[in-house]
Amino acid sequence: EPLLTLEQVGKKYANKIALHDVNFNIYPGEFVALVGMSGGGKSTILRLIAQLEQPTGGRIKFHDETTTVRVMFQNDRLLPWMTNLENISFNSKNKVQQKRAQAMLNEVGLAEFADSYPNQLSGGQKQRLALARALMAKPKLLLLDEPLGALDALTRRKMQAFIADICAKQQLTTLLITHDVDEAARMADRVFVVKDGTNVYEADGAKNQDAA
Ligand code: ADP
Ligand code: ADP
């Protein structure tokens, strides 16, 4: 069964209908992308799924109520006064937590940067650190809000592959928001096009086409 179902989801603000009829399922382990032009409603869908806001119509159903959700934003705030390791271990003194944090740094290729600080990292490395921090919480559902928007084209390309691989390896259920159609197609199993407050079209991503 799906991890998450959106049924006729709507969201009205004071003078603005941001969403009017959003319908889709996300299945466990899938990588889904929402793509579309600015203003179409992608971020609003993500905020509703993250329960940062409530829908004004329809419903959002998590089939397992214990599902934990973690969001990674474009400018995920890394704490500049903490080392990279402390940023993802939340400065925990717990030995198990520290070991996990170190293992997670290895996983994202930042092992040798444990004791340096976020400001000493490149843009791509910062995003890998932010990803490691999101994964430390062991979310069942990872929401990625334009995570690569600030990166140069080459770094962006590398990070697309990196994030898609790590999500697949960890069998994470992932929802990516992007305005970049190529990025969505490369990273996702399924792509939903969001336009004028509704999901208008569904396509297979490259990962599914490889498998077919
Ligand atoms: P996208 O992420 O696809 O760019 P958004 O979800 O940010 O689209 O926005 C969808 C529409 O809802 C836009 O017209 C936007 O201006 C509007 N909107 C988003 N948040 C608010 C808000 N807090 N108050 C009023 N309108 C909003
Ligand atoms: P975009 O995703 O289109 O780049 P932003 O990230 O600037 O746009 O945010 C779009 C909307 O989401 C804004 O209305 C902003 O206030 C809201 N928003 C962004 N981050 C958060 C957050 N952590 N919690 C709640 N709302 C947020």
Side-chain angles (χ1 to χ4, degrees), residues 2-27 30-62 67-78 123-124 126-127 130-131 133-134 137 139-153 155-157 159-160 163-164 167 172-208:
L3 180 100
L4 176 66
T5 301
L6 280 75
E7 263 174 29
Q8 297 182 302
V9 168
K11 179 68 179 174
K12 267 185 212 153
Y13 293 106
N15 295 315
K16 173 84 200 172
I17 298 173
L19 300 177
H20 64 89
D21 191 16
V22 178
N23 299 279
F24 59 80
N25 288 312
I26 301 179
Y27 291 88
E30 262 196 315
F31 196 124
V32 171
L34 299 182
V35 71
M37 291 199 299
S38 188
K42 303 181 297 297
S43 300
T44 303
I45 294 172
L46 180 133
R47 291 198 301 277
L48 296 182
I49 292 173
Q51 295 174 313
L52 296 168
E53 293 176 21
Q54 297 304 312
T56 49
R59 58 184 207 139
I60 297 181
K61 181 166 189 240
F62 284 94
T67 300
T68 47
V69 181
R70 184 69 166 72
V71 191
M72 179 178 149
F73 292 100
Q74 180 176 318
N75 300 309
D76 219 330
R77 285 171 203 81
L78 299 165
K126 278 192 193 117
Q127 284 313 85
L131 179 67
R133 189 169 67 174
K140 291 244 180 74
L141 177 63
L142 179 66
L143 305 176
L144 304 173
D145 188 358
E146 289 279 0
L148 309 179
L151 302 177
D152 65 85
T155 308
R156 186 173 178 130
R157 207 43 195 257
M159 283 297 293
Q160 288 167 356
I163 292 179
C167 290
L172 258 178
T173 312
T174 310
L175 179 67
L176 168 76
I177 288 186
T178 178
H179 62 269
D180 181 341
V181 180
D182 292 333
E183 176 166 296
R186 269 198 292 275
M187 293 177 74
D189 301 305
R190 287 193 299 149
V191 179
F192 295 114
V193 178
V194 176
K195 187 168 181 266
D196 301 333
T198 179
N199 54 305
V200 292
Y201 186 74
E202 177 182 338
D204 279 349
K207 287 204 314 190
N208 256 345

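As the structure lists them, so they are numbered: ligands from 1, and atoms in each ligand from 1.
Residue-ligand proximity, M37 to ligand 1, at heavy-atom distances under 4.0 Å covers atoms 3 (O). Heavy-atom contacts of R47 reach the following atoms of ligand 1: 19 (C), 20 (N) (cutoff under 4.0 Å). Contact atoms of ligand 1 toward G41: 1 (P), 3 (O), 5 (P), 6 (O), 8 (O), 10 (C) (distance under 4.0 Å to a heavy atom of the residue). Those atoms of ligand 1 that come under 4.0 Å of a heavy atom in S38, given as number and element, are 4 (O).
Taking all atoms of both residues into account, the shortest heavy-atom contact from E53 to L48 is O-CD2, 3.5 Å. Here the closest heavy-atom approach between residue C167 and residue T174 is recorded as SG-OG1, 3.5 Å.
With a 4.0 Å cut-off on non-hydrogen atoms, K42 touches ligand 1 through its backbone as well as its side chain.
Rounding to the nearest 0.5 angstrom, the gap separating the CD1 atom in I177 from the CG atom in L46 is 4.0 Å. Summarising the geometry, atom CZ belonging to R157 is positioned 14.0 Å from atom CG belonging to L151; distances are rounded to the nearest 0.5 Å. The structure places CG of L143 at 7.5 Å from CD1 of I26, a figure rounded to the nearest 0.5 Å.
When the options A18, G39, G197, A14 are ranked by their closest heavy atom to atom 1 (P) of ligand 1, first place goes to G39. Of the candidates V35, T44, N15, it is T44 that places a heavy atom closest to atom 6 (O) of ligand 1.
Residue-ligand proximity: K11 is placed with every non-hydrogen atom at 4.0 Å or more from ligand 1.
Ion pairing between a basic and an acidic side chain is recognised when a charged N comes within 4.0 Å of a carboxylate O; E146 and K42 show no such pairing.
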